[in-house]
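Structure first, commentary second.
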Amino acid sequence: MDTAEKVDWATLNAHAAGRPARRLVAKAIAAAGGDRRPGVVLDIGAGAGADSLQFARRGWTVHAYDSDDTLAARLVENERMPGAVHFHHGDIAEIEQFPPAQIVYSTYTLGLLGPQALPEVWAKLVDALPRGGVMATDVFGTNDSWAARSDVATLPLEEIDAMFRGFQVIDRSVRDEDGRFLADKKHWHVITTLARKLG
Ligand SMILES: C[S@@+](CC[C@H](N)C(=O)[O-])C[C@H]1O[C@@H](n2cnc3c(N)ncnc32)[C@H](O)[C@@H]1O
């Protein structure tokens, strides 16, 4: 794989459609106070929607963003869920303002926005959260194979910590291991942070 543009996300997302929701979904909901008063979630780079749909099954209203439209075919599931997924098809870097939300959620996507767009998008995501709102997101670290690419943002820990200034960090996990991406071998360095906005 050479550039993010060349990845066939539709094929990847079709394969991922049946995967179980990530545990980060349950952690984010717990950090936001549980399911008693479900609110709004932004899922940034929702892919096939496994995590968006899980939030909606638990009663949350999800704004799911992706430039691949695999998720569109799954919106019929809204009929059977207490919450709902609203799909926004397009480039996340071009969103001017995100709707207010209690949870901002994003996995394996923010780094793909690239080093130029990521800080701008991040500032808008922080703005979407009220005081007490939950950020449940990951970014790629400097050990990641994609650190060699100029179109992917890979960040040192100090920069990730700086992004969370003004947040109380609740949980941090690090994946730093050899693995695969599609047919290729790849080292994954993925830093996931669960945090609550303070001010
Ligand atoms: C590695 S997948 C992650 C999907 C899902 N969050 C997960 O964890 O399984 C990355 C997703 O980000 C989307 N994506 C990458 N860059 C994007 C951009 N600039 N705007 C919108 N979506 C983007 C891709 O289409 C893809 O669905």
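All ligand and atom numbering here is 1-based and tracks the order in the structure.
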Contact list for residues 190-199, test side chain to side chain donor-acceptor pair (under 3.5 Å), sequence neighbours left out: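 Every pair satisfying side chain to side chain donor-acceptor pair (under 3.5 Å) with a residue in residues 190-199: Gln168-Arg196, Arg172-Thr193.
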
Within 45° cone and under 6.0 Å: Arg58 NZ/CZ vs Trp60 ring: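 Negative - Arg58 is either too far from the ring of Trp60 or too far off its axis.
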
Over-ring placement of Lys186 relative to Trp188, 6.0 Å and 45° cut-offs: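 Satisfied, under 6.0 Å and within 45°.
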
Interfacing atoms of ligand 1 (cut-off 4.0 Å, heavy-atom, Leu113):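 Those qualifying, in numeric order: 18 (C), 19 (N).
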
Aromatic plane relationship, Trp146 with Phe140 - under 30° parallel, 30 to 60° tilted, over 60° perpendicular: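 The arrangement is perpendicular - the two ring planes meet at more than 60°.
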
Aromatic ring pairing Phe167/Trp122, orientation class (parallel under 30°, perpendicular over 60°, tilted between):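 Ring orientation, 0 to 90° scale: tilted.
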
Output field: ring centroids Tyr65/Phe87 closer than 6.0 Å: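 Judged by ring-centre distance (under 6.0 Å), Tyr65 and Phe87 do not meet the cut-off.
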
How far is [atom] from the closest protein heavy atom, and which atom is that?
| atom | result |
| --- | --- |
| atom 20 (N) of ligand 1 | Ile92 N, 2.9 Å |
| atom 4 (C) of ligand 1 | Gly45 O, 3.5 Å |
| atom 16 (N) of ligand 1 | Leu112 CB, 4.2 Å |
| atom 2 (S) of ligand 1 | Trp9 CZ3, 3.6 Å |
| atom 3 (C) of ligand 1 | Thr107 O, 3.6 Å |
| atom 18 (C) of ligand 1 | Asp91 OD1, 3.6 Å |
| atom 9 (O) of ligand 1 | Arg19 NH2, 2.9 Å |
| atom 17 (C) of ligand 1 | Ser67 OG, 3.9 Å |

Polar side-chain atom of Asn78 near backbone of Val85 as donor-acceptor pair, under 3.5 Å: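 The answer is yes, because a donor-acceptor pair under 3.5 Å joins these two groups.
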
Proximity of Asn13 to ligand 1 by residue part, where a heavy atom lies under 4.0 Å: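 It is the side chain that gets close, since no backbone atom is under 4.0 Å.
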
Contact with ligand 1 for Ala10, non-hydrogen, under 4.0 angstrom: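 Under 4.0 Å: no for Ala10.
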
Qualifying residues under side chain to side chain donor-acceptor pair (under 3.5 Å), relative to Arg74, sequence neighbours excluded: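 Side chain to side chain donor-acceptor pair (under 3.5 Å) check on Arg74 returns nothing, list empty.
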
Selected option - heavy-atom contact closest to atom 13 (C) of ligand 1, from Asp66, Leu110, Asp8: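 Checking each option, the heavy atom nearest atom 13 (C) of ligand 1 is found in Asp66.
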
